[in-house]
Colleague: 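I have a structure I would like to understand better, so I am pasting it below and will then ask my questions one at a time.
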There are 4 protein chains.
Amino acid sequence: MRVKRKDTKKRILESALRLFSEKGIRETTIKDIAKDVGITEGAIYRHFMSKDEIVKELFSMYSEEFYNRLVSAFEEKTYKEKFYRMVKEFLKFCFENPEAFKYLNIFHYLKAEEVKEFLKLPKDAIIKLLEEGKGVIKVRLELALAMFVGTLERVFCSLRLVSLKERKV
Amino acid sequence: MRVKRKDTKKRILESALRLFSEKGIRETTIKDIAKDVGITEGAIYRHFMSKDEIVKELFSMYSEEFYNRLVSAFEEKTYKEKFYRMVKEFLKFCFENPEAFKYLNIFHYLKAEEVKEFLKLPKDAIIKLLEEGKGVIKVRLELALAMFVGTLERVFCSLRLVSLKERKV
Amino acid sequence: MRVKRKDTKKRILESALRLFSEKGIRETTIKDIAKDVGITEGAIYRHFMSKDEIVKELFSMYSEEFYNRLVSAFEEKTYKEKFYRMVKEFLKFCFENPEAFKYLNIFHYLKAEEVKEFLKLPKDAIIKLLEEGKGVIKVRLELALAMFVGTLERVFCSLRLVSLKERKV
Amino acid sequence: MRVKRKDTKKRILESALRLFSEKGIRETTIKDIAKDVGITEGAIYRHFMSKDEIVKELFSMYSEEFYNRLVSAFEEKTYKEKFYRMVKEFLKFCFENPEAFKYLNIFHYLKAEEVKEFLKLPKDAIIKLLEEGKGVIKVRLELALAMFVGTLERVFCSLRLVSLKERKV
DNA sequence: CATGAATGAGGTTTCATTCAT
DNA sequence: TATGAATGAAACCTCATTCAT
């Protein structure tokens with residue numbers, strides 16, 4: 001059965017996201033993606049001008065969503081509410097798009113330059129939030145804890161979130 | 001002009017760690033490392049059998065230290081003490097070896113299989129810790145917060161910890 | 001200018017066989033083969049996964065044929081007939097495929113381990129043949145003679161069989 | 001216990017001969033030879049200007065001896081005696097110096113150009129011998145037989161002459 | 001539009017040889 | 001003299017990209 005042409009671009013992005021998050025960006029070849037989609041190398045270039053375009057399109061897609069969700073937290077009034085909302089949005093994104101979350105992490109490790117823009121707002125805003133929201137986050141110890149436990153999440157993420165999902169955290 | 005030094009192996013590891021943590025493992029070539037050390041590509045191979053050996057040696061070096069520090073926390077008696085100690089060790093490692101910390105993160109993103117063994121103990125032990133130490137960490141909300149803020153740290157880390165260092169968090 | 005041909009794999013094998021038999025296996029580079037075929041080095045790797053795969057494919061191709069021909073001699077009834085038939089098959093192969101014959105020789109000098117299996121049957125069978133066929137081959141002196149003259153053929157072979165061919169031995 | 005300096009050159013040649021005949025010339029590195037002798041790479045260059053010098057010195061040493069022995073056969077009077085003597089000398093050389101015999105074979109496969117001079121005389125002389133000595137060798141069939149059985153010897157040779165030695169052919 | 005062979009730049013690795021110690 | 005780290009040329013191989021079909 002023939003697959004609709006329009007889907008091809010979407011399917012390329014889906015395969016690329018999965019492979020990139022599983023194996024890494026450099027470790028995934030155009031051939032890998034093509035095979036996963038069920039087309040050939042050349043066909044990819046009907047839909048994207050280069051591998052980098054795929055990489056960047058995936059980044060825009062998900063970083064934008066991620067960014068918008070985080071920023072939406074600032075609609076709330078109090079620091080406490082902003083904070084909780086942001087956490088909620090963050091977690092929602094992570095659990096809804098584990099592959100995308102892992103991909104964003106890989107991406108920002110490897111492409112620090114290109115990622116700065118994206119990080120700019122959340123970083124500044126969040127630092128301010130942290131400072132002003134001392135009552136909420138009980139600075140120093142809590143931050144320390146948070147940083148530490150944040151590593152857990154990275155671990156879970158790399159184990160494909162299986163444990164966390166099962167445990168319904 | 002030819003220079004002979006005894007510490008070449010050490011210098012290769014230092015350069016590799018820095019370059020890997022800056023640019024990524026695949027993105028760093030043997031030539032990059034050689035140039036950074038001030039030798040030629042071939043010379044690397046007197047000290048390491050392959051690029052992968054460098055990658056793995058760096059991983060063992062630092063993962064072992066990291067692991068041992070985390071595990072040392074279990075010497076403490078109460079959950080509270082264990083927790084604080086672990087956090088302390090974790091942060092100490094991060095701030096003393098920011099490049100190594102970033103490298104370990106990159107490594108475990110890309111080499112998930114090889115890294116599982118290393119993660120085994122901390123993961124299980126820490127999950128138990130989290131469960132049994134509910135009084136300390138106020139589960140769910142705190143964990144959520146932690147996961148979120150942990151992402152900050154990753155951001156800071158990828159920006160070379162500059163902000164964090166200056167801010168003396 | 002880019003040309004597309006369907007028989008590239010075959011042409012690679014032909015060039016490789018000739019170059020290997022002329023210069024040796026290690027002495028022939030992928031670049032040599034590519035240039036001889038009229039393609040680039042990279043193109044070779046669409047058809048073979050490695051240089052060693054070329055080496056081994058050539059070996060299977062011709063060793064199988066050679067082997068089957070020799071073994072076919074055992075269809076004959078008497079020792080005398082078996083012997084003559086085997087000689088006939090042997091010579092036929094040598095004169096029809098001088099490059100392959102030289103290649104098999106080079107190969108078994110350099111890859112003694114891998115070649116043992118192939119040599120097993122002919123060796124055992126032939127030793128038996130020699131023993132039981134004393135009447136035909138007048139053992140000791142004849143064998144000695146044979147070994148000696150066999151060296152001649154190696155010489156001729158390495159000189160590309162030119163002399164032998166012209167002389168219609 | 002210190003090994004005498006004078007021996008070193010000889011020991012290099014011995015190790016080289018063995019390794020070359022076992023693994024091939026290109027397949028044997030200067031480091032392999034050095035390790036086998038029990039010295040370091042640099043030390044080899046006290047005794048030989050290059051790897052090729054070792055290769056060529058081994059060839060001269062043994063090809064000269066081989067050549068002289070074969071040529072000595074022409075001291076005999078009759079064709080029959082010449083023939084038998086040549087065979088005898090040939091076999092003596094092979095069994096006394098199996099590694100050298102294998103080395104000469106490898107060498108002349110790979111260095112056809114350089115070896116021609118050496119082969120010139122025996123080849124011509126022997127062809128004449130074969131022609132004139134028809135009574136002895138019963139041309140055509142016997143030559144064919146010989147060529148065939150000569151392959152056996154190549155097989156035995158590559159199996160390190162073990163079988164032949166044990167069987168006292 | 002799709003295919004997949006071919007390109008070509010660039011990566012990893014090998015190793016004969018040199019040379020500071 | 002001996003050592004073995006370093007050089008540098010050249011080998012093998014990879015892969016994003018192009019293009020004839």
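Below, chain A is the first sequence line, B the second, and so on; all start at residue 1. None of these values were measured; they are calculated from a predicted model.
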Colleague: For E:dT12, does either OP1 or OP2 sit under 4.0 Å from a side-chain N or O belonging to B:Ser50?
Modeller: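 Indeed not, no polar side-chain atom of B:Ser50 lies that close.
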Colleague: Rounded to whole angstroms, how far apart are CD1 on D:Ile30 and C1' on F:dA6?
Modeller: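 Between C1' of F:dA6 and CD1 of D:Ile30: 17 Å.
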Colleague: Which value, in whole Å, describes the distance between the C1' atoms of nucleotides F:dT21 and E:dC1?
Modeller: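 The answer is 13 Å between these two C1' atoms.
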Colleague: If an axis is fit to five pairs at each end of the helix from E:dA2-F:dT21 to E:dT21-F:dA2, what is the angle between the two, to the nearest 10°?
Modeller: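 That helix has its two terminal axes inclined by roughly 0°.
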Colleague: Could you list the residues that satisfy salt bridge (Lys or Arg N to Asp or Glu O under 4.0 Å) with C:Lys9, not counting sequence neighbours?
Modeller: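 Salt bridge (Lys or Arg N to Asp or Glu O under 4.0 Å) list for C:Lys9, sorted by chain: empty.
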Colleague: When you measure from every atom of DNA chain E, which of residues 37-47 of chain C have a heavy atom less than 4.0 Å away?
Modeller: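 Under 4.0 Å from DNA chain E: C:Ile39, C:Thr40, C:Gly42, C:Ala43, C:Arg46, C:His47.
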Colleague: Considering heavy-atom distances to DNA chain F, does C:Lys31 or A:Met49 have its closest nucleotide positioned more toward the 5' end?
Modeller: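 By nearest-heavy-atom nucleotide position, the 5'-most residue is C:Lys31.
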Colleague: Would you indicate whether the side-chain heavy atoms of B:Val55 and B:Tyr103 approach each other to under 4.5 Å?
Modeller: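 B:Tyr103 reaches B:Val55 side chain to side chain.
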Colleague: Run the side-chain hydrogen bond (donor to acceptor under 3.5 Å, both in side chains) test against C:Glu65 and tell me which residues pass, sequence neighbours left out.
Modeller: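 In terms of side-chain hydrogen bond (donor to acceptor under 3.5 Å, both in side chains), with neighbours along the sequence ignored, C:Glu65 is linked to C:Arg69.
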Colleague: For residues 31-40 of chain C, please give each side-chain donor-acceptor pair under 3.5 Å, one per line with the distance, not counting sequence neighbours.
Modeller:
| unit_1 | atom_1 | unit_2 | atom_2 | d |
| --- | --- | --- | --- | --- |
| C:Asp32 | OD1 | C:Thr29 | OG1 | 3.4 |
| C:Asp32 | OD2 | C:Lys23 | NZ | 2.8 |
| C:Asp32 | OD2 | C:Thr29 | N | 3.0 |
| C:Asp32 | OD2 | C:Thr29 | OG1 | 3.3 |
| C:Asp36 | OD1 | C:Arg18 | NH2 | 3.4 |
| C:Asp36 | OD2 | C:Ser15 | OG | 2.5 |
| C:Asp36 | OD2 | C:Arg18 | NH2 | 2.7 |

Colleague: Provide, to the nearest angstrom, the distance between the NZ atom belonging to D:Lys35 and the P atom belonging to F:dA2.
Modeller: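 It is 20 Å, rounded to the nearest whole Å.
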Colleague: Can you tell me the distance, in whole Å, between the CD1 atom of B:Ile12 and the C1' atom of E:dT12?
Modeller: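 That distance rounds to 15 Å.
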Colleague: Separation of A:Ile25 atom CD1 from F:dC15 atom C1', in whole Å?
Modeller: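 So the CD1-C1' distance, A:Ile25 to F:dC15, works out to 16 Å.
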Colleague: Starting at NZ of A:Lys23 and ending at C1' of F:dC15, how long is that distance when rounded to a whole Å?
Modeller: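 After rounding, the gap between these two atoms is 12 Å.
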Colleague: Find the distance A:Ile54:CD1 to F:dC15:C1' and express it as a whole number of Å.
Modeller: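 Value for this atom pair: 14 Å.
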Colleague: Please identify each residue that fulfils salt bridge (Lys or Arg N to Asp or Glu O under 4.0 Å) with A:Arg46, with sequence neighbours left out.
Modeller: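 Scan of A:Arg46 (salt bridge (Lys or Arg N to Asp or Glu O under 4.0 Å), adjacent residues dropped) gives none.
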Colleague: Between B:Arg11 and B:Asp7, is the closest basic N to carboxylate O distance under 4.0 Å?
Modeller: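 B:Arg11 and B:Asp7: salt-bridged.
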Colleague: Do B:Phe101 and B:Asn97 have side chains that get closer than 4.5 Å, going by heavy atoms?
Modeller: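 SC-SC contact between B:Phe101 and B:Asn97 ruled out.
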Colleague: Looking at side-chain heavy atoms only, is the closest gap between B:Ile54 and B:Ile44 below 4.5 Å?
Modeller: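 Yes - at least one pair of side-chain heavy atoms lies under 4.5 Å apart.
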Colleague: Please round to the nearest 0.5 Å and tell me the distance separating atom CE of C:Met49 and atom NZ of C:Lys56.
Modeller: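 Those atoms lie 10.5 Å apart.
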Colleague: For C:Ile33 and F:dC12, what is the distance between atoms CD1 and C1' respectively, to the nearest whole Å?
Modeller: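 Rounding to the nearest Å, CD1 of C:Ile33 and C1' of F:dC12 are 11 Å apart.
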Colleague: Taking atom P of F:dA16 as reference, at what distance in whole Å does atom CG of A:Leu19 sit?
Modeller: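 A:Leu19 atom CG is separated from F:dA16 atom P by 12 Å.
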